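Chain A is the first sequence line, chain B the second, and so forth, proteins listed ahead of strands; every chain is numbered from 1. Atom set for the values below is all heavy atoms of this structure, side chains included, hydrogens, waters and symmetry mates excluded. Not measured: the values here are computed from a predicted model.
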Number of protein chains: 4
Amino acid sequence: MKPKDDRKVEAIAAAVYRLSARHGLSSVTLADIAREAGVATSTLYVYFKSREVLLDEVYRKAKTATMTRYALKDDPAAPLKARVRRIWLNMVDHRLENQHQMAFLEQFYHSEFISETSRALGLRMAAPFLELLAAGQKSEQLKPLPLPLMGAAIMGLAKETAVLLSRGDLPDNEKTRASAFQLCWDAIKA
Amino acid sequence: MKPKDDRKVEAIAAAVYRLSARHGLSSVTLADIAREAGVATSTLYVYFKSREVLLDEVYRKAKTATMTRYALKDDPAAPLKARVRRIWLNMVDHRLENQHQMAFLEQFYHSEFISETSRALGLRMAAPFLELLAAGQKSEQLKPLPLPLMGAAIMGLAKETAVLLSRGDLPDNEKTRASAFQLCWDAIKA
Amino acid sequence: MKPKDDRKVEAIAAAVYRLSARHGLSSVTLADIAREAGVATSTLYVYFKSREVLLDEVYRKAKTATMTRYALKDDPAAPLKARVRRIWLNMVDHRLENQHQMAFLEQFYHSEFISETSRALGLRMAAPFLELLAAGQKSEQLKPLPLPLMGAAIMGLAKETAVLLSRGDLPDNEKTRASAFQLCWDAIKA
Amino acid sequence: MKPKDDRKVEAIAAAVYRLSARHGLSSVTLADIAREAGVATSTLYVYFKSREVLLDEVYRKAKTATMTRYALKDDPAAPLKARVRRIWLNMVDHRLENQHQMAFLEQFYHSEFISETSRALGLRMAAPFLELLAAGQKSEQLKPLPLPLMGAAIMGLAKETAVLLSRGDLPDNEKTRASAFQLCWDAIKA
DNA sequence: TATGAATGAGCCTTCATTCAT
DNA sequence: TATGAATGAAGGCTCATTCAT
C-alpha cells in the first residue's frame with residue numbers, strides 16, 4: 001500500500017494560494033487546483049472530502065502558520081513598544097514574503113465560503129496579541145479603546161504599508177518602516 | 001443599452017446589494033438578481049450587456065453615491081481637523097446606514113470581477129479627499145507620509161468603528177465617535 | 001416569449017421508454033435522454049426539476065395511460081367473467097403494443113428510484129379492478145383469497161402470456177389467448 | 001482468479017445481498033461492498049476480474065443454491081401433485097428465509113447487468129422442474145400450455161404468497177399455504 | 001421593451017479500475 | 001495476497017447567455 005503524500009498536500013495548498021492571488025478565490029475551481037498542483041481532480045478527494053473542506057483546511061494551515069510567524073522573535077520580557085514594533089514588522093515582512101498566501105487568507109475570510117469554526121479560529125489565534133494590547137492599556141501606555149478597534153488599526157496599517165512597499169510606492173528600507181510604524185504607534189499610544 | 005426605466009435599474013441595483021450582503025457576491029446569479037428585482041432574467045440583458053457590465057455599472061453607481069455622501073456638509077472654509085472629522089464621521093454614518101451597499105462595494109472591490117476602469121474610478125473619486133490631506137501635510141499639520149497610507153489609515157479606522165458600532169460592541173453615541181476619531185487623528189497628525 | 005412545448009415532453013418520455021428497454025433503466029443518463037429526445041441536457045431542467053422528478057413524472061404519465069387502457073371497452077353491466085376476460089385481454093394487448101413503455105414501468109416500479117407517492121399511485125389506480133374482484137368474491141364466483149394474491153395471479157399470467165406471444169413462442173391468435181385466459185380463470189374462480 | 005479464501009468470498013456475497021436489499025442493486029458500489037465485507041476495495045479485484053464478473057459470479061452462486069433448495073425433500077417417486085406441492089412450498093419457504101438473497105436475485109435478473117450466460121443458467125437450472133411439468137402434461141394431469149407459462153404461473157404465485165406472508169397480510173400457517181397452493185394447482189391442473 | 005424557452009460550457013463529485021508497495 | 005493511493009471517464013446539475021415570440 002502507498003502512504004499519503006504530504007508533499008501533495010503542500011502542492012495543493014500552494015496551488016490554492018497562487019490561483020487565489022491570480023484570478024480571485026471565487027473563480028478557483030477544483031480543476032484549476034488539480035492542474036496547478038499536478039494531480040488529477042479526483043485525487044483531491046483522496047485528501048479532502050469536498051471543495052469546502054479543502055478550502056477550510058488550507059485556510060487553517062495558512063492561518064496557523066501566519067500567526068506563528070507574527071510571534072517570531074517576540075521577546076515577552078521586552079518593553080511594550082518594542083514588542084508591538086517587533087510584531088508589526090513581522091506582519092509587514094510576512095505579507096511581503098507571502099503575498100499569495102495572504103491574498104487567499106483575506107479573500108477567504110471575507111467570503112461566504114468560510115465556516116463558522118474557521119472564522120472562530122482567526123479570533124482564537126489572535127488572542128495572545130490582543131492580551132498584549134490589553135496589558136498595554138492597563139499600564140496606561142495605550143489608549144483605552146476597544147481591543148478590536150486597536151487591533152484593526154494595527155493590522156490595517158501593517159497591511160497598507162506592505163501594499164505600498166511591494167508596489168514600490170515606498171522605498172523598501174528601515175527608515176520607511178520606522179516612519180510607518182510611527183504612524184501606527186501614534187494612533188494607539190495613550 | 002440605454003436604460004429606459006430608471007426604477008427598474010434601481011430595483012436591480014438594490015437586488016444586487018441585498019443579495020451580496022445575504023449570500024456573498026460570488027454566489028449571486030443573474031437568476032437571483034432577476035427574481036429579487038421582480039423582472040425576467042433576460043430583461044437584465046435589455047439594460048446591461050453582460051453580467052460583468054451589470055456589476056460594473058452598479059458598482060459605479062454605488063461608488064459615486066458613496067463618495068458624494070462622504071463630502072456631505074463638508075465646508076471647504078473650515079479648518080483642517082474639522083473637515084477631516086466631518087468626512088470621517090460621514091464615512092462612519094454612511095456605513096451604518098447602507099450596510100448592504102457597502103457589503104457589495106467591498107466584496108466587488110476585492111473580487112476578481114472588478115474591471116481596471118472601475119478600480120481607477122475609486123481612486124479618481126477619492127482625489128479631492130487626498131488633496132485635502134496633501135494640503136494638511138503642506139501646512140505641517142499632518143505627518144509627511146505617503147497619501148495612500150494616510151488615506152488607508154483613516155478609512156480603515158472608519159470602517160472598523162462602524163463595524164463595532166453596528167455589532168453593538170461599542171455604544172452608538174457621540175462620545176464613542178469622539179474617542180474613535182481621536183485615535184484616527186493621533187495617527188495622522190504631525 | 002416562447003410557450004413550453006408539449007411535444008418535447010412527449011419526446012422525452014418516449015426517449016426514456018426506449019432507453020429503458022434497450023439498456024436498462026439504471027443506465028439511462030440525462031445525457032442519453034437528451035440525445036435521444038433531440039434536446040440539450042440542460043433543457044431537461046426546463047421541464048423537470050431533477051432526474052428524480054423527471055422519472056417520477058414520466059412514470060405517472062405512463063402508469064395512468066396504462067390503467068386507462070386496461071379499462072378500455074369494459075362494460076360495467078357485463079357479467080363478471082366477461083369483464084375479467086376483457087381486462088385481461090387488454091393487459092395482454094397493451095403489453096404487446098407498448099413493450100418499451102412496459103419495460104420502463106416495470107423496471108421503475110422495482111427500482112430504488114421510485115418515490116413513495118408514485119408507488120402509492122400504482123395501488124390507487126388498480127383499485128377499481130380490485131373492487132371488481134372483491135365483488136366476484138362476494139358473489140362467490142371467485143376464490144376467497146387476498147386480493148393482492150388474486151391480482152398478482154391475473155397480471156402475472158397476462159404478462160407471461162404477452163412475453164410468449166411477442167417472442168413467437170405462442171401463435172398470436174384468438175385460440176391461444178382463449179386457452180391462456182382459461183388458465184387464469186381456473187386459478188381464480190371459486 | 002482462483003479464490004483462495006472462501007470465507008472472504010462468502011462475506012462479499014453476503015454484502016451484495018444485504019446492500020441490494022437495503023439500497024437497490026444499481027446503487028451498490030464496489031466501495032460499499034468492500035466496506036460491508038470488511039476488505040479493501042482493491043482486494044475485490046483479487047477475487048474477481050471486474051464488477052461485472054463479481055456480480056455474475058455471486059448470481060451464479062445464489063441461483064444454484066436456490067434451485068438446489070427448491071428440490072429439497074423432493075421424492076421422484078411421489079405422485080405429481082405431491083411433488084409440485086413440495087417444490088412450491090420450498091419456493092415459498094426459501095423466499096421467506098432468504099429475502100436479501102432473493103432481492104438481489106430478482107433485481108439482477110431484471111437488470112441490464114446480467115450476462116447472457118447467466119440468464120441461460122437460470123433456464124438450465126429450472127430444467128428438471130420443467131421436465132416434471134412436461135411429464136404431468138403427458139399424463140394429462142396438467143394443462144397442455146407452454147411450459148414457460150406454466151412455470152411462470154407457479155413461481156409467480158409462490159412469490160406473491162411469500163410476499164403476503166412476510167408482510168403479515170396473511171397468517172403464516174399451514175392452512176394459508178394450503179389454500180394458496182390450491183389456487184396454484186387449479187391454474188395448472190388439466 | 002419584455003420574457004420564457006433553450007443551450008453549451010463548465011463545475012463538483014463519484015466510481016470502477018489500476019498502480020505501487 | 002492485500003491494500004491505500006491515484007486517476008480518467010462520466011454523471012447530475014447550474015448558469016450566463018441567446019433565441020424566438
Side-chain angles (χ1 to χ4, degrees), chain A residues 1-6 8-9 26-34 37-55, chain B residues 1-5 8 26-34 37-55, chain C residues 1-6 8-9 26-34 37-55, chain D residues 1-5 8 26-34 37-55:
Chain A
M1 61 198 139
K2 228 157 83 182
K4 274 198 200 179
D5 190 344
D6 261 355
K8 218 157 265 179
V9 175
S26 81
S27 77
V28 173
T29 70
L30 293 186
D32 287 341
I33 298 173
V39 299
T41 309
S42 44
T43 303
L44 299 178
Y45 285 84
V46 173
Y47 291 85
F48 308 97
K49 219 192 93 209
S50 69
R51 179 194 144 99
E52 198 184 337
V53 168
L54 185 156
L55 291 181
Chain B
M1 290 316 111
K2 271 283 141 64
K4 279 286 153 76
D5 186 342
K8 218 159 263 184
S26 81
S27 77
V28 174
T29 70
L30 291 187
D32 286 341
I33 297 174
V39 300
T41 309
S42 40
T43 302
L44 298 178
Y45 284 85
V46 173
Y47 292 86
F48 308 97
K49 214 190 96 208
S50 70
R51 179 191 145 101
E52 197 185 336
V53 168
L54 186 157
L55 291 181
Chain C
M1 60 199 140
K2 228 156 84 182
K4 273 198 201 181
D5 190 344
D6 260 356
K8 218 156 266 179
V9 175
S26 81
S27 77
V28 173
T29 70
L30 291 185
D32 286 341
I33 297 174
V39 298
T41 310
S42 44
T43 303
L44 299 178
Y45 285 86
V46 173
Y47 291 85
F48 308 97
K49 218 190 93 209
S50 69
R51 180 194 142 99
E52 197 183 337
V53 168
L54 186 156
L55 291 181
Chain D
M1 291 312 115
K2 270 284 142 63
K4 279 288 156 73
D5 187 341
K8 219 158 260 182
S26 81
S27 77
V28 174
T29 70
L30 291 187
D32 286 340
I33 298 174
V39 299
T41 309
S42 40
T43 302
L44 298 178
Y45 284 84
V46 173
Y47 291 86
F48 308 97
K49 215 190 96 209
S50 70
R51 181 193 144 100
E52 197 185 336
V53 168
L54 184 157
L55 291 181

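Taking only side-chain atoms of T43(D), from C-beta outward, the nucleotide of dT3(F), dG8(F), dA6(E) with the closest atom is dT3(F). Of the candidates dT3(F), dT13(E), dT17(E), the closest approach to any side-chain atom of R51(A) belongs to dT13(E). Closest to the side chain of S50(C), out of dT7(F), dC13(F), dA16(E), is dC13(F). For S42(A), the side-chain atoms get nearest to dT14(E) when compared with the rest of dT14(E), dT3(E), dT7(E). Comparing atom distances between the Y45(B) side chain and each of dT18(F), dG12(F), dA6(F) picks out dT18(F) as nearest. The side chain of V46(B) sits closest to dT3(E) out of dT3(E), dT17(E), dT3(F). Among dT17(E), dA6(E), dC12(E), the nucleotide with an atom closest to any side-chain atom of L30(D) is dT17(E).
Where A31(C) and T41(A) each meet DNA chain F at their nearest nucleotide, the meeting point lying more 5' is that of T41(A).
Contact between R51(C) and T29(C) at its shortest, heavy atoms only, is NH1-CA, 4.3 Å.
Exactly one residue among V28(C), D32(C), I33(C) makes a side-chain contact (heavy atoms from CB on, under 4.5 Å) with L30(C). That residue is I33(C).
Looking at T29(C), its side chain has no donor and acceptor atom pair within 3.5 Å of the base of dG11(F).
Looking only at distances, a side-chain donor or acceptor of Y47(C) sits under 3.5 Å from a matching main-chain atom of D5(C).
Base pairing of dT21(E) is made with dA2(F), judged by Watson-Crick or G-U wobble geometry with both donor-acceptor distances under 3.5 Å.
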